[in-house]
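Notes for the one structure printed next.
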Amino acid sequence: MKIIYRAGDITEAHIIKGLLESNGIDAYVGGYYLQGAVGDLAARDFAHVHVADENQQRAIEIISDYEDNDHSKQHNITPSETTISNKILLVVIIVILFFAIYTLALK
């Protein structure tokens, strides 16, 4: 087996593994136990995705396509829409907090 991808963390490694498996390539995630040796430091760069030697080239192509894809365009969300959504959420939270404090003050 060859290391095909060095992930930033174990979650990212499993995302890549799922991507490869959804394209018919068996993959293995290694590096779980190395993260425990780090202690209080952030567990980074220990997770690796492995594939069989014969699947190496196809896996590289799939991962390259995945990394080149701009995922923000898939959702059709513009930065201004995100800002508006965040402002609405903030207003709702403030209103809820106001009524909670007002209710407690009446008791």
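If you read the sequence from its start, that first residue is 1, and numbering goes on from there.
Across all non-hydrogen atoms, the minimal contact from Asp26 to Glu21 is CA-CG, 4.4 Å. In this structure, Ala7 and Ala13 approach most closely via the heavy-atom pair CB-N, 3.5 Å. When every heavy atom of Ala27 is checked against every heavy atom of Val51, the shortest pair comes out as CB-CG1, 4.2 Å. For Arg58 against Ile25, the heavy-atom pair with the smallest separation is CG-CD1, 3.5 Å.
Listed by chain and number, the residues in a side-chain contact (heavy atoms from CB on, under 4.5 Å) with Val95 are Val91, Phe99 (sequence neighbours excluded). Residues meeting the side-chain contact (heavy atoms from CB on, under 4.5 Å) test with Asp65, sequence neighbours left out: none. Scored by the side-chain contact (heavy atoms from CB on, under 4.5 Å) test, Thr11 finds Asp9, Ile15 as partners (sequence neighbours excluded). Residues satisfying the side-chain contact (heavy atoms from CB on, under 4.5 Å) test with Leu104, not counting sequence neighbours, are none.
The only option from Ile3, Ile16, Ile63 that meets the side-chain contact (heavy atoms from CB on, under 4.5 Å) definition with Val49 turns out to be Ile16.
Residues Ile94 make up the rest of the hydrophobic cluster containing Leu90, defined by ILVMFWY side-chain heavy atoms closer than 4.5 Å, directly or through other members. With a 4.5 Å cut-off between side-chain heavy atoms of Ile, Leu, Val, Met, Phe, Trp and Tyr, the cluster of Leu97 takes in Leu89, Ile93.
The shortest side-chain heavy-atom distance between His48 and Val29 does not fall under the 4.5 Å cut-off. The closest side-chain heavy-atom distance from Gln56 to Ile4 is below 4.5 Å.
Atom OH of Tyr5 sits about 3.5 Å away from atom CD of Glu12, to the nearest 0.5 Å. The distance from atom CG of Leu20 to atom OH of Tyr66, rounded to the nearest 0.5 Å, is 11.0 Å. The line from CD of Glu61 to CG of Asn55 is 11.5 Å long, rounded to the nearest 0.5 Å. With rounding to the nearest 0.5 angstrom, the CD1 atom of Ile62 is 7.5 Å from the OG atom of Ser22.
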